[in-house]
Q: 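Supplied in structure tokens, the structure appears directly below.
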There are 2 protein chains.
Amino acid sequence: MNQDKYEACPVARSVQLIGDRWALLIIREAFDGVKRFSDFQKNLNVAKNILSDRLAKLVDAQILKNQPASNGSAYLEYVLTAQGYALFPIIVALRQWGEQFLFAEDQPHSILLEKNTGDELALMQPMTKKGKHLLAQETFVKKIN
Amino acid sequence: MNQDKYEACPVARSVQLIGDRWALLIIREAFDGVKRFSDFQKNLNVAKNILSDRLAKLVDAQILKNQPASNGSAYLEYVLTAQGYALFPIIVALRQWGEQFLFAEDQPHSILLEKNTGDELALMQPMTKKGKHLLAQETFVKKIN
DNA sequence: CAGTATCCCTCAAGATACTG
DNA sequence: CAGTATCTTGAGGGATACTG
């Protein structure tokens, strides 16, 4: 890709940061409450040097922070920053699309529910601030300089 | 990654399909109305063999379809299928996250607006079917077998 | 124009061993 | 436990030439 070229598209910049094989899965694990190096490693079955590299990059990108463990253990833990936390809609959108199209009827999968009530989530859908749902063709990209 | 391992997580499956350097950018172009090989190539500045490969994979994944051009030209065009079209929330979520965190105040960027009214889009946010906004920690993943 | 066919090269990725 | 260091491999990617 063009690393040197100035990327004015926010999609491109996001993809540059989190659009690789491991980053999004690490982030998914973080949303599931995983905090420790060895737990990421076991769950994702990723080589340790790769995991180490990716975690460092995510810390660098201010998506994760590496802080003293909250439970009193001697080690550090990786937790989402506010900026990383804001990736939640992306994770949910990826999850919902996968649920819809990538599983056969009878295949085991998993769904996201509200913790207290067990309520299902609505399908995420872009809308205006007034609450009107928008199809892709009802939108356009405006450049701001 | 573990190609052979059965992936029960919808996020993982989605990432396997569209979580690479080019796929999401190709899809973004498709949402912007790009249909022709050479236009993808010019806009993305990607090697032709790579583009060829990625387009084929996206057609294979039923995200794009390669059909006779609608404008009467002799060539084929790549357009989003319904399944590809359903990626719109993911693109918007990526865009909004990038807009929020990856641009300095004064940097040129772009935003998505409603075509007819110019209205801004609301920040996408997961919610229940009853319309209640949900934070990540208010959700849990339930396995379905 | 819309690709395919080669060639080459870099870097991501994995395995393994080692360290504080 | 939580990494770093080293080595090897292979896939992803780019440049170029060629084809219907």
Side-chain angles (χ1 to χ4, degrees), chain A residues 1-5 7 12 15-30 33-61 63-80, chain B residues 1-5 7 12 15-30 33-61 63-80:
Chain A
M1 189 124 55
N2 259 339
Q3 294 288 10
D4 49 318
K5 190 190 152 209
E7 285 291 356
V15 169
Q16 274 184 3
L17 275 187
I18 59 175
D20 78 280
R21 291 239 292 269
W22 292 117
L24 277 168
L25 296 180
I26 291 172
I27 291 162
R28 179 203 64 187
E29 291 295 315
V34 172
K35 296 176 180 174
R36 298 183 62 156
F37 188 91
S38 59
D39 291 332
F40 284 109
Q41 215 241 316
K42 269 179 286 185
N43 294 353
L44 295 174
N45 197 27
V46 53
K48 289 163 71 163
N49 50 349
I50 304 296
L51 177 59
S52 177
D53 177 78
R54 279 322 124 87
L55 287 170
K57 280 183 180 160
L58 289 171
V59 168
D60 222 56
I63 289 168
L64 296 177
K65 57 187 166 187
N66 196 8
Q67 63 182 19
S70 49
N71 62 5
S73 94
Y75 302 106
L76 299 178
E77 62 183 16
Y78 294 90
V79 294
L80 291 161
Chain B
M1 187 126 56
N2 260 338
Q3 293 290 8
D4 48 316
K5 189 190 155 209
E7 283 291 356
V15 169
Q16 274 183 1
L17 276 186
I18 58 174
D20 78 280
R21 291 240 292 267
W22 293 117
L24 277 168
L25 296 180
I26 291 173
I27 291 162
R28 180 203 64 188
E29 291 294 315
V34 172
K35 295 176 182 174
R36 296 183 62 157
F37 189 92
S38 59
D39 290 332
F40 283 109
Q41 215 240 315
K42 268 178 288 185
N43 295 353
L44 294 174
N45 196 27
V46 53
K48 289 163 70 164
N49 51 350
I50 304 295
L51 177 58
S52 177
D53 177 78
R54 280 320 125 89
L55 287 171
K57 280 183 180 160
L58 289 172
V59 168
D60 221 57
I63 289 168
L64 297 177
K65 57 188 167 187
N66 196 8
Q67 64 183 18
S70 49
N71 62 3
S73 94
Y75 303 105
L76 299 177
E77 62 182 18
Y78 294 90
V79 295
L80 291 160

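Note on naming: letters A, B, ... go to the chains in the order of the sequence lines (proteins, then strands), and numbering restarts at 1 for each one. All heavy atoms count here, side chains included; hydrogens, waters and symmetry mates do not. Source: prediction; values computed, not measured.
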Q: DNA chain C: stems of at least 3 consecutive Watson-Crick or G-U pairs, cut-off 3.5 Å?
A: C:1-20 with D:1-20

Q: Of the listed nucleotides (dT4(C), dC1(D), dA15(C)), which one gets closest to any side-chain atom of Lys48(B)?
A: dT4(C)

Q: If you define the side chain from C-beta out and look only at heavy atoms, does anything of Arg36(A) sit under 4.5 Å from Tyr75(A)?
A: yes

Q: From the options Ile27(A), Asp53(A), Leu44(A), select the one residue that forms a side chain to side chain contact (heavy atoms under 4.5 Å, CB included) with Trp22(A).
A: Leu44(A)

Q: Using whole Å, report how far CD1 of Ile50(B) lies from P of dT16(D).
A: 15 Å

Q: Check the distance between dA12(C)'s P and Ile26(A)'s CD1 and give it to me in whole angstrom.
A: 14 Å

Q: Going through the checks in order, is the side-chain contact (heavy atoms from CB on, under 4.5 Å) test met by Phe40(A) and Ile26(A)?
A: CA-CA 7 Å; Phe40(A) 284 109; Ile26(A) 291 172; 3.9 Å; yes

Q: Tell me whether the side-chain N/O atoms of Arg54(A) come closer than 4.0 Å to OP1 or OP2 in dA12(C).
A: no

Q: Is Ser52(B) close enough to dG3(C) that one of its side-chain N or O atoms is under 4.0 Å from OP1 or OP2 there?
A: no

Q: What's Tyr78(B) touching, base or sugar-phosphate or nothing? Going by heavy atoms closer than 4.0 Å.
A: sugar-phosphate

Q: When the distance from NZ of Lys35(B) to C1' of dC1(C) is rounded to whole Å, what number comes out?
A: 17 Å

Q: Looking at the side chain of Trp22(B), which of dG3(D), dG14(D), dC1(C) is the nearest nucleotide?
A: dG14(D)

Q: Quick one: on DNA chain C, does Asn49(B) or Asp39(B) contact a more 5' nucleotide (nearest heavy atom)?
A: Asp39(B)

Q: Go through dG3(D), dG3(C), dG13(D) for me and flag the one nearest to the Phe37(B) side chain.
A: dG3(C)

Q: Could you pull out the closest heavy-atom pair between Ala30(A) and Leu80(A), with the gap in Å?
A: CB-CG, 3.8 Å

Q: Rounded to whole angstroms, how far apart are CD on Glu77(B) and C1' on dG3(C)?
A: 16 Å

Q: Closest approach of Ala12(B) and Leu25(A), non-hydrogen atoms and distance?
A: CA-CD2, 3.7 Å

Q: Between Lys57(B) and Asp60(B), does the salt bridge (charged side-chain N to carboxylate O under 4.0 Å, His left out) criterion hold? Intermediate values first, please.
A: CA-CA 5 Å; Lys57(B) 280 183 180 160; Asp60(B) 221 57; over 6 Å; no

Q: Can you tell me the distance, in whole Å, between the CD atom of Gln41(A) and the P atom of dG3(D)?
A: 11 Å

Q: Separation of Gln16(A) atom CD from dA12(C) atom P, in whole Å?
A: 13 Å

Q: Quick one: does any side-chain atom of Gln41(A) pair with a main-chain N or O of Val46(A) as donor and acceptor, under 3.5 Å?
A: yes

Q: From CG of Leu51(A) over to C1' of dG3(D), roughly how many Å is that when rounded to an integer?
A: 9 Å

Q: So what does Asp53(A) touch, heavy atoms closer than 4.0 Å: a base, only the sugar-phosphate, or nothing?
A: nothing

Q: Nearest whole Å is fine: how far is dG3(D) P from Leu64(A) CG?
A: 12 Å

Q: Please determine whether a side-chain nitrogen or oxygen atom of Arg36(B) lies at a distance below 4.0 Å from atom OP1 or OP2 of dA2(C).
A: yes

